[in-house]
Amino acid sequence: MLKHKIAVLVSGSGTNLQAILDKAAAGELPHVHIALVIADNPAAYALTRAHQANIPTAIVCRKQFSQQEQFEQQLLTVLAQNNIELIVLAGFLAILSGNFVQHYPKRILNIHPSLIPSFCGKGYYGLKVHQAALAYGVKLTGATVHFVNEIPDGGEIISQKAVEILPGDTPEQLQKRVMEQAEWQLLPAAIESVCTNLP
Ligand code: GRF
């Protein structure tokens with residue numbers, strides 16, 4: 001089976017990374033080789049998860065560079081050195097410009113914790129997404145996996161899963177339910193599906 005090399009880009013706790021690692025270990029991602037985990041934050045717990053799974057890691061911090069362009073050039077260098085074919089943004093908080101994205105057309109995936117086009121775009125990240133869904137009063141939310149283009153959360157949608165909002169939910173409770181019921185299944189499945197169709 002031809003496996004395609006992916007890099008998972010992370011900033012935080014890395015529960016989505018863990019879901020990918022677990023599915024791969026269970027043999028459910030036969031077309032995927034998790035070749036590298038890149039963090040933009042040396043304290044990201046996601047790095048510990050990668051080490052525990054014996055996945056090579058790299059750290060590329062925006063703060064180390066005066067210009068966005070230099071930061072992105074370093075990311076591109078590390079990705080090229082590792083022959084990465086598909087980039088997965090799994091809670092990666094650094095902004096990537098349209099220029100960066102053009103190097104990997106239809107080869108960057110992102111997971112967003114809402115049903116796009118609701119509660120997405122600039123400023124909608126982390127708990128803010130769930131706070132906005134609760135404030136609006138929607139009864140269903142969920143998660144979306146999409147290709148990344150130059151528009152924040154605006155690329156072609158690959159898959160979505162709806163999750164119920166329950167009376168009295170806090171943003172934290174909702175975030176946990178969206179992860180458990182949607183994100184952790186949706187992202188690994190989308191990666192396998194995209195890799196299956198890569199040349
Ligand atoms: C997830 O909610 C994901 O949808 C969003 O950032 C969060 C990352 O969480 N893009 P984790 O680091 O995978 O635990």
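Both backbone and side-chain heavy atoms feed into the values below; hydrogens, waters and symmetry mates do not. We count ligands from 1, going down the list as the structure has it; atoms in each ligand are counted the same way.
Of all protein heavy atoms, the one closest to atom 12 (O) of ligand 1 is G14 N, 2.8 Å. Protein heavy atom closest to atom 8 (C) of ligand 1, with residue, atom name and distance, is G91 CA, 3.5 Å. Nearest protein heavy-atom contact of atom 9 (O) of ligand 1 is M179 CE, 3.5 Å. Remark: minimum distance from atom 5 (C) of ligand 1 to any protein heavy atom is reached at I111 O, 3.9 Å.
Using cut-offs of 30° and 60° for the angle between ring planes, the Y136 and F119 rings count as perpendicular.
For ligand 1, the polar-atom distance check against T15 finds a nitrogen or oxygen pair separated by under 3.5 Å. At a 3.5 angstrom cut-off on N or O pairs, H112 does not count as close to ligand 1.
Other residues, nucleotides and ligands contribute over 12 non-hydrogen atoms within 6.0 Å of the CD atom of Q173.
Residue contacts with ligand 1, taken as heavy atom pairs separated by less than 4.0 Å, involve E183 solely via side-chain atoms from C-beta onward.
The CZ atom of F92 lies 10.0 Å from the CG atom of N41; values are rounded to the nearest 0.5 Å. Atom CG of D153 sits about 11.0 Å away from atom CD1 of I111, to the nearest 0.5 Å. Atoms CZ and CD1, on F147 and I108 in that order, are 10.5 Å from each other to the nearest 0.5 Å.
The contact set between ligand 1 and S13, taken as ligand atoms under 4.0 Å from a residue heavy atom, comprises 11 (P), 12 (O), 14 (O).
In the hydrophobic cluster analysis, where Ile, Leu, Val, Met, Phe, Trp and Tyr join through side-chain heavy atoms closer than 4.5 angstrom, I34 is grouped together with V145.
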